[in-house]
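Here's the structure we're looking at; comments come further down.
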Amino acid sequence: TLCTEGSLCVGLSSGINAEYGGGILVSAALGKPLIGPFCNVPLMITAIFVWWLVYFAPGDIAFRLYKIKPVQTMLMTVRETRRCKKVLWAVSSAAAVYEGQWIPLILVGALGGCSGKFLQNTEESIRLGSAVISKGEFLQISFVTKASLLVSGILSMIKIGVVPFSLSHGLVFCSVILVTVNLAMALAGLPDPFHPITNATWKVCSIAAKRSPDENAQQKEQCNNEKKDK
């Protein structure tokens with residue numbers, strides 16, 4: 001592992017972006033201080049400890065441990081459980097500002113679960129010196145963002161009372177589903193379960209966009225005739 005001053009600063013900024021990116025975006029969406037997520041001292045100490053393991057642990061022990069399947073499974077379970085808790089925190093925070101408005105709750109909750117995916121270009125520009133715009137989250141939506149939207153939708157419906165479950169039960173349900181799917185994708189090679197839905201949506205949009213010029217001309221002529229009749 002490179003331990004130069006530049007690489008250490010880049011690694012620390014990259015880790016902070018991955019851990020606090022979602023909290024920063026949620027705070028910005030709700031008009032709260034952007035440094036609010038950094039008030040969690042134990043989480044900050046944990047992030048710095050992980051950074052130390054990656055860059056200073058002797059013999060690259062962090063990478064060697066991560067290659068062990070049981071350790072990898074445990075870490076993935078913790079990661080996806082924390083993701084669901086972040087979504088719940090973002091949904092609860094948004095509910096205090098946008099009371100009863102389910103669309104803002106879903107969007108803000110998804111931001112909380114993406115953990116900085118929308119700041120990935122910024123992180124790459126810091127780490128690599130440049131970023132590929134074509135790989136941005138707005139152009140190529142990842143599984144993490146899709147799953148965060150789904151979890152946020154479920155928890156938002158529970159929060160506003162549409163789904164008759166408690167938030168704790170919803171959190172457990174979403175965590176079990178997300179952990180199971182991620183383990184199946186990582187260990188068993190399961191494809192993205194959102195892929196069929198994405199393909200179907202893309203085909204519908206493509207069919208709607210590929211209208212013949214004659215159809216467009218007929219629609220314009222019909223609109224003009226309606227305006228004249230009025």
Say whether Val176 and Leu75 are linked into one hydrophobic cluster, either directly or through other cluster members, by side-chain heavy-atom distances under 4.5 angstrom. no
To the nearest 0.5 Å, what is the distance between NZ (Lys86) and CZ (Arg82)? 5.0 Å
Indicate if Trp52 and Met44 have the same hydrophobic cluster label, given that clusters are the connected sets of ILVMFWY residues with side-chain heavy-atom separations under 4.5 angstrom. yes
In Å and rounded to the nearest 0.5 Å, what is the NZ to OG distance from Lys32 to Ser93? 4.5 Å
Does the side chain of Trp89 reach to within under 4.5 Å of the side chain of Val26, using non-hydrogen atoms? yes
Quick one: does Leu150's side chain get under 4.5 Å of Phe194's, heavy atoms only? yes
Single-linkage hydrophobic cluster Val87~Val172, side-chain heavy atoms < 4.5 angstrom: no
How many angstroms lie between CD1 in Ile106 and CG in Leu149, if you round to the nearest 0.5 Å? 8.0 Å
Just so I know, are the side chains of Thr81 and Leu171 near enough to count as touching, which here means a heavy-atom distance under 4.5 Å? no
Determine whether Ser166 and Ile158 make a side-chain contact, defined as any pair of heavy atoms from C-beta on separated by less than 4.5 Å. no
Identify the heavy atoms of Gly109 and Ala90 that sit nearest to each other, and give their distance. CA-CB, 3.7 Å
For the residue pair Asp192 and Lys146, establish whether any side-chain heavy-atom pair is separated by less than 4.5 Å. yes
Walk me through it: do Leu105 and Ser152 pass the test side chain to side chain contact (heavy atoms under 4.5 Å, CB included)? CA-CA 8 Å; Leu105 264 64; Ser152 179; 6.0 Å; no
Can you hop from Val78 to Met76 via hydrophobic side chains spaced under 4.5 Å? no
Which heavy atom of Cys114 sits nearest to which heavy atom of Thr145, and what is that distance? SG-OG1, 3.6 Å
Please answer: with hydrophobic residues joined when any side-chain heavy atoms are less than 4.5 Å apart, are Leu43 and Leu34 in the same cluster? yes
Determine whether Phe143 and Asn182 make a side-chain contact, defined as any pair of heavy atoms from C-beta on separated by less than 4.5 Å. yes
To the nearest 0.5 angstrom, please state how far the CG atom of Leu88 sits from the CZ atom of Arg83. 14.5 Å
Heavy-atom closest contact (Arg64 atom, Gly59 atom, distance): NE-O, 3.2 Å
CD-NZ distance between Glu80 and Lys85, expressed to the nearest 0.5 angstrom: 14.0 Å
Which atom pair, heavy atoms only, marks the closest approach of Pro193 to Val181? CG-CG1, 3.9 Å
Do the side chains of Val151 and Phe173 get nearer than 4.5 Å, heavy atoms only? no
Please report the shortest heavy-atom distance between Leu111 and Ala29, naming the atom on each side. CD1-CB, 4.4 Å
Of all heavy-atom pairs linking Cys84 and Leu155, the shortest is O-CD1, 4.2 Å
Within a reach of under 6.0 Å around CD1 of Ile35, are more than 12 heavy atoms found that belong to other residues, nucleotides or ligands? no
Out of curiosity, Phe63 CZ to Leu53 CG, how far, rounded to the nearest 0.5 Å? 10.0 Å
Taking side chain as C-beta onward, heavy atoms only, is Leu30 less than 4.5 Å from Tyr98? yes
